[in-house]
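Written out below as structure tokens is the structure these notes cover.
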Amino acid sequence: MSPFKTHLFPSLTISIKPVLLALLCCSYLSCIAQEKPNVIILFADDLGYGDLSSFGAQDVKTPHIDELASEGIRFTDFQVASSVCSPSRAALLTGRYPMRCGFPVAQGKIEKHKDYGLHPDEITIADLLLKEDYATMAIGKWHLGFNVGAQPVDHGFQQFYGLQSNWHKSHPELDDVYNNREVVKENVAFESLIGDYTQKAIAYIEENKENPFFLYLAYHSVHSPIMPNDAFKGTSKGSLYGDFVQELDHYVGELLNALSENGLDEDTLVIFLSDNGPAICHFGGSAGALNGGKYSTMEGGFRIPAIIRWKGKIPSGTNNTLLSSMDLLPTIANLAGAKLPDDRTIDGKDITPILESGQGTSPHQYLYYYNGINLQAIRKGKWKLHLPRTVEDQPFWSKNDNAKPFGGKNLKNISCKGLEALKRPLLFNLDNDMGELTDISDAHPEVVKELLLEAERVRAELGDVGQVGSDQRVPPFDDIQEKF
Ligand SMILES: [Ca+2]
């Protein structure tokens, strides 16, 4: 790593400098301000809010990720920007809402999506860090289009090793491993990927331990297929899904061990999070006390387990501030000394002050919950308002033609896909009702009014069904929410 830098006392002798540096380091602030960390983003797939033992899982043991949580900050209200894979990934990498960056729906292996990829004009975390002389690599699942211009190597990653999308038995052409733009292994066995990716990641860390690096490691676990290696089958009390989570934990542990053995713990910001909630309708998993899961705009779809560790630089503990995966881009940019682009809106906020102190108020006045191109909910602090919508407003992954508009009060028995249709706004106080079970809109008409007005404002900016926003990048195909 680059040596500790200071520009404050250039004329002081070497012998005095360490003393002053130690004094400066008595607060986390000064340490963070002067070092350029390595950055590792460990991105799990479809891992639910309740799937880790450090987030309350009982039948699954995740000691390695739990240790990361105990050494870093465990975030209990960390939101992604979509409850499906591609839009969530686009938002994390660009710091912008999926509607703004042009990636509101999952990218599929269908003809009309052939030109659907992360737009060449979008700027990613890797783009920003590459300019600051970081080595950059993406490993694992991309799922942001694989047409030329949309690939990882087109978006600031010097290297890519992984699959273009999900592994899928019925689409063997998706199961080829790429090294940059070239196929290096054809039709690989799913079970081989997690160990292969981890080995590549460890080799990358060792190759780059003398210079700053950015590693984006997007595991397929625990997205379907639920197929852990034999060595992990039967190891949990939580069925095959639990075994699959424990396998993920094992490999995260191998990676963290390698980081430690290379002496890089105190030089590396490690970020662990999931791209969306669990696919409980189909494959199991747990959103803990949250309602809904993947495909929904309930908290179970958007609120994910998140951990950030920088040993010796940021405190450990639990943080319940409302934050977003989009905050990672401006925060990492700040820590790396990178300048943010000034020709576009970045929706994420720099949360360095929260990392420094372990606490603080949310930098977001509002957060928006889109499902596809349909604005379905708005968050303001503890308040969350679900907006009226029809079945026709839903993207294909959520559509249930038999759904009846929800008009009652009891939300305990809603579909795992969320509220397919809603006649009137529903308001929840997440401070005492994180499960979104008790609608209190009648008691707080002023909050409902404010958030409905804000919904109108953001629809004009980011769009909605039947409405193009003033700052919306529209995908290059029609019938955006329909699969075929
Ligand atoms: Ca996912």
Side-chain angles (χ1 to χ4, degrees), residues 41-52 55 65 78-94 97-98 101 103-109 113 116-118 138-146 152 162-168 171 174-175 190 193-194 197 216-228 241 244-245 247-249 251-252 271-288 290 292-306 324-326 328 369-372 395-398 416-418 483:
I41 295 180
L42 297 169
F43 210 14
D45 197 347
D46 292 8
L47 184 76
Y49 190 75
D51 276 337
L52 300 173
F55 280 77
I65 301 171
F78 205 96
Q79 304 278 337
V80 286
S82 170
S83 61
V84 295
C85 305
S86 308
S88 174
R89 286 154 200 264
L92 178 142
L93 286 172
T94 64
Y97 280 104
C101 71
F103 228 102
V105 295
Q107 182 265 342
K109 186 70 181 168
H113 282 188
Y116 184 37
L118 189 61
I139 296 176
K141 165 174 161 175
W142 182 239
H143 209 183
L144 291 171
F146 219 67
L163 303 195
Q164 54 181 295
S165 180
N166 295 316
W167 188 97
H168 211 297
H171 291 286
L174 293 178
D175 302 341
F190 177 77
L193 289 170
I194 191 166
Y197 291 165
Y216 170 77
L217 174 48
Y219 282 116
H220 296 281
S221 306
V222 290
H223 190 290
S224 64
I226 311 302
M227 285 168 50
Y241 184 95
F244 202 29
V245 175
E247 180 185 58
L248 171 67
D249 179 73
Y251 283 103
V252 168
I271 300 163
F272 177 93
L273 77 168
S274 176
D275 70 334
N276 52 254
I280 48 178
C281 291
H282 306 289
F283 304 109
S286 169
L290 306 175
K294 182 177 183 178
Y295 309 116
S296 85
T297 45
M298 305 297 284
E299 288 296 289
F302 274 64
R303 193 188 301 209
I304 45 82
S324 166
S325 60
M326 295 182 290
L328 295 176
Y369 296 62
Y370 273 87
N371 200 6
F396 71 86
W397 59 77
S398 290
C416 55
K417 287 191 175 183
K483 194 168 186 178

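This one's a predicted model, so the numbers in the text were calculated from it and none came from an experiment. Counting starts at 1 for both ligands and their atoms, in listed order.
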Are the ring centres of Y49 and F55 closer than 6.0 Å? yes
Would a line drawn from the ring center of F103 to the ring center of Y116 be shorter than 6.0 Å? yes
Short side-chain to backbone donor-acceptor contact, S88 and C85, under 3.5 Å: no
Check for a donor-acceptor pair, side chain of S274 on one end and backbone N or O of L47 on the other, with a separation under 3.5 Å. yes
If the condition is side chain to side chain contact (heavy atoms under 4.5 Å, CB included), which residues does F283 pass it with, not counting sequence neighbours? S224, I226, A279
Ignoring water, what protein N, O or S atoms are under 3.0 Å from the Ca ion (ligand 1)? D45 OD1, D46 OD1, C85 SG, D275 OD1, D275 OD2, N276 OD1
Can you tell me if T297 and N371 form a side-chain donor-acceptor pair at under 3.5 Å? no
